[in-house]
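To start, the structure under review is shown below, and the notes come after it.
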Amino acid sequence: MTGRGPTVGVLALQGDVREHLAALASVGAVGVPVRRPAELAAVQGLVLPGGESTTIGLVAARTGLLEPLRAAVRAGLPVYGSCAGMVMLADRVVGAPAGQHTIGGLDVTVRRNAFGRQVDSFESTVEVDGVPGGPLHAVFIRAPWVEQAGAGVQVLGRVVAGPAAGRIVAVRQGRLVATSFHPELTGDTRVHDLFVQIVREHPGRDDRRADGADDGASEGGVR
Amino acid sequence: MSEQSDTRTPDTTPATGTDRVKRGMAEQLKGGVIMDVVTPEQARVAEDAGAVAVMALERVPADIRVQGGIARMSDPDMIDGIIAAVSIPVMAKARIGHFVEARVLQSLGVDYIDESEVLSPADEAHHIVKSDFTVPFVCGATDLGEALRRIAEGAAMIRSKGEAGTGNVVEATRHMRSIRAGIRALTTLDDTELFVAAKELRAPHDLVVEVARTGKLPVVLFTAGGIATPADAAMMMQLGAEGVFVGSGIFKSGDPAQRAAAIVAATTFHDDPDVIAKVSRGLGEAMVGINISTLTGSEHFATRGW
């Protein structure tokens with residue numbers, strides 16, 4: 001790794017922000033907390049952490065960050081969401097209170113708390129396409145799953161065993177990546193590495209990049 | 001690491017109730033506010049205000065103080081009603097040492113159990129062996145030794161105790177400062193001194209060494225007990241809390257929905273006085289406080305727990 005890595009924000013309204021910042025640092029990115037529109041404008045990629053998606057959505061809406069987040073996704077900013085972050089990125093959410101605020105952009109239907117309550121939270125192994133080195137040990141905490149994925153969405157991983165075997169728990173659509181589980185809690189940084197590679201290839205928003213490169217409007221979120 | 005694991009067949013059987021799953025759940029609550037509620041309607045107000053979880057109980061601590069009597073685990077029907085009302089996690093309180101109340105709460109499907117000094121203790125010497133449970137536990141602590149004893153028993157989250165139901169933040173401040181100062185002190189000790197520290201803290205040596213090495217508790221540390229205003233919450237965050245429990249402070253105040261949302265905002269933006277000033281306007285009356293020095297011996301909830 002040579003030179004300074006890309007600047008990747010972690011949405012820091014609530015949730016396990018510190019763990020994501022540490023994971024980003026260990027794969028060579030410069031992780032910065034993002035709570036305000038000006039901080040969002042300065043990053044080349046963004047992580048939506050685990051947490052409570054209702055809380056994160058409400059605080060974002062009340063502080064005027066929700067529309068800038070939606071605009072950033074539309075403009076092609078690479079975004080990775082884990083757990084609550086997956087819910088925030090989904091175009092459609094099942095099991096949410098009426099009017100829950102989300103960002104959207106990922107053409108999937110996500111079910112909140114799909115595996116059950118906290119007593120059903122679990123750890124298990126998951127194979128994730130694009131992540132070399134064998135299966136990941138994955139931690140699922142009151143996790144969502146992807147109930148339906150649109151045509152442009154690549155399914156990267158499914159639950160291997162147990163009552164929920166076959167459920168979709170990792171997806172990618174262009175520069176958007178989402179996992180039901182929490183790689184930030186295990187010390188295995190391969191998912192963050194995959195995401196930071198995407199950021200290196202497509203740093204920042206298409207409309208704010210100096211070279212003005214436009215490598216395809218089909219990527220990123222179309223809402 | 002991968003070279004070593006190549007010789008093993010990866011275990012794909014889902015494992016529930018592990019330390020990582022229990023402690024990881026608390027990590028997801030960080031930067032958030034957990035609110036005491038006594039009805040499904042209050043639970044919905046809390047969720048709409050941005051609570052990361054609700055604590056279901058029959059009486060908030062302020063009412064327990066006024067009404068007296070034995071405070072116990074809540075009615076299962078009431079807990080069911082609150083679980084059905086919201087999408088966020090639901091916590092509930094068991095009495096200190098009352099392992100059967102805890103079994104009942106686990107069977108009801110609550111997401112976290114608070115083994116709480118706010119209820120009347122059921123055992124004057126022993127706490128629940130929390131590692132035996134699938135559901136995670138949070139416990140109160142007044143200092144580092146107490147926090148580590150609870151973690152040794154299996155607590156997956158710690159909250160400073162404060163003095164619940166008073167609307168007076170002074171005890172929460174004392175306990176948070178004590179826990180944090182205890183952690184900082186350990187980081188300066190050598191290996192020999194850590195054995196003595198473990199003895200003095202009355203805590204397991206391995207946990208003492210872990211705290212000395214990492215400079216933090218091995219589990220998430222929240223604050224509780226007397227937080228009544230957005231500025232209270234922000235101060236506790238700046239003192240090192242990773243999140244906030246608010247008990248009587250919300251639903252004993254003039255405008256619960258607005259105060260709840262204000263405390264959520266002040267917790268996120270705890271280092272930004274402009275935001276705290278803005279959300280502190282027009283909140284109506286805060287809960288009436290109690291001066292801690294007027295409490296007599298048995299009225300100090302924080303002395304419960306051993």
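So that the names make sense, note that chain A is the first sequence line, chain B the second, and so on, each numbered from 1. Only heavy atoms go into these numbers, but all of them, side chains included; no hydrogens, no water, no symmetry mates.
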Side chain from CB out, backbone as N, CA, C, O: work out which of these in [X] comes under 4.5 Å of a heavy atom of chain A, or both, or neither.
X	value
E47(B)	both
V90(B)	both
A265(B)	neither
A51(B)	backbone
F269(B)	both
V264(B)	side chain

Which one of E52(A), R142(A), H182(A) satisfies the side-chain contact (heavy atoms from CB on, under 4.5 Å) criterion with Q28(B)?
H182(A)

Qualifying residue, where the test is side-chain contact (heavy atoms from CB on, under 4.5 Å) with R117(A) and the options are I83(B), L108(B), V110(B)
I83(B)

Counting heavy-atom pairs under 4.5 Å to chain A, which of [options] comes out on top?
options	value
G243(B), P89(B), A53(B), G32(B)	P89(B)
T134(B), D272(B), L29(B), I88(B)	I88(B)
T267(B), V33(B), V86(B), D271(B)	D271(B)
A261(B), S87(B), G50(B)	S87(B)
V52(B), V135(B), V220(B)	V52(B)

Which distance, rounded to the nearest 0.5 Å, do you find between the CG of L185(A) and the CZ of R23(B)?
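Answer for the CG-CZ pair, L185(A) versus R23(B), is 12.0 Å.
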
Just do the side chain to side chain contact (heavy atoms under 4.5 Å, CB included) check on T268(B) and R62(A) with the steps written out, would you?
CA-CA 12 Å; T268(B) 298; R62(A) 287 177 193 149; over 6 Å; no

If you count heavy-atom pairs under 4.5 Å between each of T54(A), D16(A), L58(A) and chain B, which one has the most?
D16(A)

So which of V59(A), N113(A), L13(A) has the biggest tally of heavy-atom pairs under 4.5 Å with chain B?
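Heavy-atom pairs under 4.5 Å are most numerous for L13(A).
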
Are the side chains of E27(B) and V139(A) in touch, meaning some heavy atoms are under 4.5 Å apart?
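No - every pair of side-chain heavy atoms lies 4.5 Å or more apart.
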
Heavy-atom count around R92(A) CZ within 6.0 Å, excluding the residue itself: above 12?
yes

Would you say CZ of F99(B) has more than 12 non-hydrogen atoms from neighbouring residues, nucleotides or ligands within 6.0 angstrom?
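Count not over threshold, so no.
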
Can Q118(A) and V21(B) be said to form a side chain to side chain contact (heavy atoms under 4.5 Å, CB included), step by step?
CA-CA 9 Å; Q118(A) 170 60 14; V21(B) 164; 3.6 Å; yes

Nearest heavy-atom approach of A161(A) to P14(B) is O-CG, 3.6 Å

Using heavy-atom distances under 4.5 Å, tell me whether S53(A) contacts chain B through its side chain, its backbone, both, or neither.
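Looking at S53(A), nothing touches chain B.
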
